[in-house]
Amino acid sequence: MGSSVAEAKEKVVTYKNCTELNKVYKGGVARSSSVKNKGGKTKYKPHVSKAIYEANKKSDRDKDGIACEK
């Protein structure tokens, strides 16, 4: 039970693709707040949630710990 209260309240959704994920999380989802974007320039700050990142890991094309960064 290593979950924090904030994570427990969050609804973990697996999105079909980045278009769907970015409707909810404009900047994508980061695995942790210490993760640095290795891709291109981003306009938005990613939402930090290990649970949601894990559910959407397939959308992290550059494998930098941020899914669907934008």
Side-chain angles (χ1 to χ4, degrees):
M1 290 281 229
S3 287
S4 70
V5 178
E7 265 189 61
K9 285 183 189 162
E10 201 163 45
K11 190 165 185 279
V12 177
V13 179
T14 302
Y15 295 93
K16 241 187 338 224
N17 52 40
C18 282
T19 305
E20 295 298 309
L21 187 142
N22 288 138
K23 282 180 190 171
V24 183
Y25 304 108
K26 268 190 184 159
V29 177
R31 186 177 57 222
S32 77
S33 57
S34 61
V35 168
K36 297 279 178 260
N37 175 26
K38 290 190 190 98
K41 249 172 124 77
T42 55
K43 274 196 291 203
Y44 308 104
K45 202 167 166 41
H47 175 75
V48 176
S49 170
K50 188 170 175 14
I52 295 173
Y53 172 80
E54 291 299 328
N56 294 281
K57 201 191 295 193
K58 68 179 186 336
S59 296
D60 184 7
R61 278 181 244 125
D62 56 2
K63 306 280 182 264
D64 62 357
I66 308 169
C68 303
E69 61 266 31
K70 212 163 143 162

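Heavy atoms only: backbone and side chains are in, while hydrogens, waters and symmetry mates are out. Source: prediction; values computed, not measured.
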Please set out all donor-acceptor pairs under 3.5 angstrom arising from side-chain atoms of residues 24-35, sequence neighbours excluded.
from	atom 1	to	atom 2	distance (Å)
Ser32	OG	Ser34	N	3.4
Ser32	OG	Ser34	OG	3.1

What is the distance from atom [atom1] of [X] to atom [atom2] of [Y], rounded to the nearest 0.5 Å?
X: Lys23; Y: Asn17; atom1: NZ; atom2: CG; result: 8.0 Å
X: Lys16; Y: Ser59; atom1: NZ; atom2: OG; result: 12.0 Å
X: Tyr15; Y: Asn22; atom1: OH; atom2: CG; result: 10.0 Å

So, for Leu21 and Cys68, which heavy atoms are closest and what is the spacing to 0.1 Å? CD2-CB, 3.7 Å
What one should report as the nearest heavy-atom pair of Thr42 and Lys70 is CB-O, 3.4 Å
Using a 3.5 Å distance criterion without hydrogens, assess whether the side chain of Asn56 forms a donor-acceptor pair with backbone atoms of Cys18. no
Test of understanding: with side chain to side chain donor-acceptor pair (under 3.5 Å), list the residues that count as partners of Lys57, not counting sequence neighbours. Glu54
Suppose we screen for side-chain contact (heavy atoms from CB on, under 4.5 Å). Which residues come up paired with Asp64, at least two apart in sequence or across chains? Asn37, Lys38, Asp60, Asp62, Ile66, Glu69
With a cut-off of 6.0 Å (strictly less than), are more than 12 heavy atoms of other residues, nucleotides or ligands near NZ of Lys43? no
